[in-house]
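Step one of this worksheet: look at the structure below.
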Amino acid sequence: MATKCIDYNFQEIEPHWQSFWEQNRSFRADNASSKPKYYVLDMFPYPSGAGLHIGHPEGYTATDIIARYKRAKGFNVLHPIGWDAFGLPAEQHAVKTGTHPATNTAANIVNFKRQIKALGFSYDWERELATTDSQYYRWTQWIFLQLFAKGLAYVDERPVWWCPELRTVLANEEVIDGKSEVGGFPVERRNLRQWVLRITAYAERLLADLKDVDWPDSTKRMQEAWIGRSEGAEILFQLENTALGALKIFTTRPDTLFGCTYMVLAPEHPLTDALTTTEQKADLASYRKKSAGKSDLERTDLAKDKSGVFSGAYAINPVNGQRVPIWIADYVLMGYGTGAIMAVPAHDERDHEFAIKYALPIVQVIASGAGEPPLPYVGDGKLINSPGYDGMAWPDAKKTITADLAARGVGKPTVNYKLRDWLFSRQRYWGEPFPIVWVNAADYATAKRAPGNTLPESPVTFIKDGVAHYALPVPASALPLHLPDVQSYLPSGTGESPLANVTEWLEIWFNVATGAAVPATHVRPLGDQWVHARRETNTMPQWAGSCWYYLRFTDPAADQALASPEALRYWGVPDLYVGGAEHAVLHLLYARFWHKVLFDLGVVPQSEPFTKLFHQGIILGEDGEKMSKSRGNVVSPDTIIQSHGTDTLRLYLMFLGPLDAMKPWNPNGIEGVHRFLQKVWRECVGREGEVNAKIADTVTDSTELIKLLHETIKKVGDDIEGLRFNTAISQMMIFTNALQKAPHVSRRTMQTFLQLLAPFAPHLGEELWGRLGGAPGAATIMNVPWPQFDAATLHSSEVKLVFQVNGKHRGDQMVAVGLSEADALATAHAHPRVAPHLEGKTIKRIVYVPGKILNLVVE
RNA sequence: GCCCGGGUGGCGAAAUGGCAGACGCUUCUGACUUAAAAUCAGAUUUCCGAAAGGAAGUGCCGGUUCGAGUCCGGUCCCGGGCACCA
């Protein structure tokens, strides 16, 4: 049922079809279907207060085109949307205004939903979800319990940004040039008790399985680099003060061991205090203070000045017994390797710079093939100054020296990863509470004895003021553990989250078997299952909810599992996942990790979550700069929908350039695609709103038009599959230009074209389809099978042959397909534009590519 | 700094190693109109030329090839990520 409007009145047409789809539940995905399934997923948005950014509809339009196209191709399509709704901005807003983050988040979701609906995306809204919904985070907490039970979650002291003035932990983003974003106060690195997930246990698989996924190469390479596998050796250096034992270092270059002239410990290394001689203590203390204010990025920057202090202590080089001074410098990180290195200034840039600065000796042990290389030399070569190994190629020496050290028990080959365990807790309010309580040793022992407990092999503990606290999980049956209301959203001031102030919730009598809780101020309930406990006050980071939402979409109402096994088996994982490249590492790596854990548990049937991945590019402002409020170059989708309509916006976003490119916004381009849609309208609809008189059932289209139609069917189909929407649109424009020139056109041809256009401009597609009379049994264009192209019509008997002389284009001519080389040559000689360039010349070489090119190399 | 991208007309771009600039925008000219808008037709890389035509041209330097925007080496510039922004 098309509208009655006379002109292309998108303000009437678009809402009309949107309510049609909604009433008919047109995009409902059925969990039981005989059709093949296709699951296409967008990275779900964080519902910020600013509303939808123009970058959102870019990626969402791309997946919507795919979803609509796949439906027309006969697939049962799952195309869901939801809200990644925990996060820092809602919390900051709450701190500022006192509004509950849930209230603020709900309002933002309403706004986002309105905007997304106005864009006409074919989402199955019956599967909408939000990570902040307790029925959702119940399962986020459940997954955490599995990680905990498997020993993949532990507690450790980790450095975080701390602002003494604000008495709060700050996110990296809230620290600008070493000052707090709010107030500009100094900040420092401070150790706090944190939950950490053992992602490193999966490093090898996360690396190896990258070969199985269809992802952009750049993203795979970034993940590879992030995991950062390197083979080397752990080597023990005996300390001169034998009472302190040995120093364990990691190196990727054991072959350069004879060039080690000093050693470096990270300032956080546990041995530093014991090592440092009395006269060096003061230096160390002040140095530590300085480096505490630096990020890892600043510490390891090759361009930054290196600094360090001498500890006063020495170690013994295991290969030659030499005394090696031990330095403490922050260019070595505690989080990588063993937090200690052997420095080889002749063959490492940072070591070299450091050695020059502090006048430490430099010994070359790798010779380049030719002459004296400038130091540091990091290239290929053979060993020198290494008694017993001289002349050996360095990769061989690496193996041999490592083996020799291993034989003596002072070293072993090791694989090391840059990947560090995942810091998984935040000292914030607006996140999933950990389903964990802390109890004393005796109560933990009681719980451990209980049959069917889900405790890890070794207990997770921390010690505070000499007392050990043991982590006890809240039983899965007691989930969700609700986020309690708080008086203030400001952190407690001690580094703990605002939850630490909710005494009633925090200090409890805890039932070990059921997970029930009673405030500790009440009388202890009867029964020996009740123990005194303190709840975990940390919350989970935003990543938690986004690590598994794609699974929940398959069965969003499931209450016995995160999704039913049947749904997980039917829908599997997304066939296509589209989102920004800014997620290339973190989100995608974390989700892969969780998925593999769930795979190992038998919850999901496949080991990788995202088989095919694509990144949409960023849309810049009109000025070519990143869109931002402060620059005043932000474009809102609402404005464009008002002025030109959703179909125009969708088409424009896709026409702008390749989906993965970064592209500036151009208001003139909007007019261009709008004109194109107007032109399509005029080809279908006459002045009074009637069907255009040039369209008729009795018309036979010209061979050229039919050929072009089939070329267009092929190109649009191929381009959608390849996510090349810009060139698909060009082809449709070319076809429309041809339509315009044709005096008559068959209804059939026009309808076929509308089918091609419909995934891009669905409202206009439906409207014009309806006006042309639809087709039997197809009130909506979406129910019509995608057109097939006829290869026979694409075949032609003539092709254009290009003539080149010495590689330069000199002319071209239509020739018969399969023309012989001799005939091609004769044609070239006869060609008025080519012949002059051949006159009086000797042809030295003929390159003939039939149907393409004839290149004549002449003297 | 490290990792990952990208540099093609006035602009967004297109081009299985084979006609560089499709398609769209912009600007200009013309038609229609009393006029304007809309629409339609044409032109729109640079240089030489009245034209026909010719030459140069895909950030820069070099290489491979009959032929390079495309492949290789180097270099400059711009952008994204860097573990608590999402």
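Sequence lines set the chain letters: A, B, ... in the order given, protein chains first and strands last, and positions in each chain run from 1.
The distance between atom NE2 of A:H53 and atom C1' of B:C85, rounded to the nearest whole Å, is 14 Å. Atoms NE2 (A:H809) and P (B:G57) sit 17 Å apart, rounded to a whole Å. When the P atom of B:C2 is taken as reference, atom CD of A:Q223 falls 22 Å away, rounded to whole Å.
Under the 4.5 Å side-chain criterion, counting only non-hydrogen atoms from C-beta, A:L589 is in contact with A:I199.
Within the nucleic acid shown, A:D812 comes within 4.0 Å of at least one base atom, counting heavy atoms only. Residue contacts shown for A:L586 include a base, since a base heavy atom lies under 4.0 Å away. Counting non-hydrogen atoms under 4.0 angstrom, A:N806 reaches nothing in the nucleic acid. Nucleic acid contact class of A:P658 (heavy atoms, under 4.0 Å, all strands): sugar-phosphate only. No engagement by A:D217 is indicated, since no non-hydrogen atom pair under 4.0 Å with the nucleic acid exists. Residue-level contact check: A:H674 touches neither bases nor backbone, having no heavy atom under 4.0 Å from any strand.
With A:W161 as the aromatic partner, A:R190 does not meet the cation-pi criteria of under 6.0 angstrom to the ring centre and within 45 degrees of the ring axis. A cation-pi arrangement is absent between A:R592 and A:W226, since the terminal nitrogen or guanidinium carbon is not both under 6.0 Å from the aromatic centre and inside a 45° cone about the axis.
Aromatic ring pairs are classed by plane angle as parallel below 30°, tilted from 30° to 60° and perpendicular above 60°; the pair A:F676 and A:F753 is perpendicular.
Within the structure, a side-chain polar atom (N or O) of A:K741 is placed less than 4.0 Å from OP1 or OP2 of B:A41.
The partner of B:A13 is absent, by the rule that a Watson-Crick or G-U pair needs both atom distances under 3.5 Å.
Its glycosidic angle being more than 90° from 0, B:G67 falls on the anti side.
Taking 3.5 Å as the limit, the base of B:A22 and the side chain of A:S730 contain a donor-acceptor pair of atoms between them.
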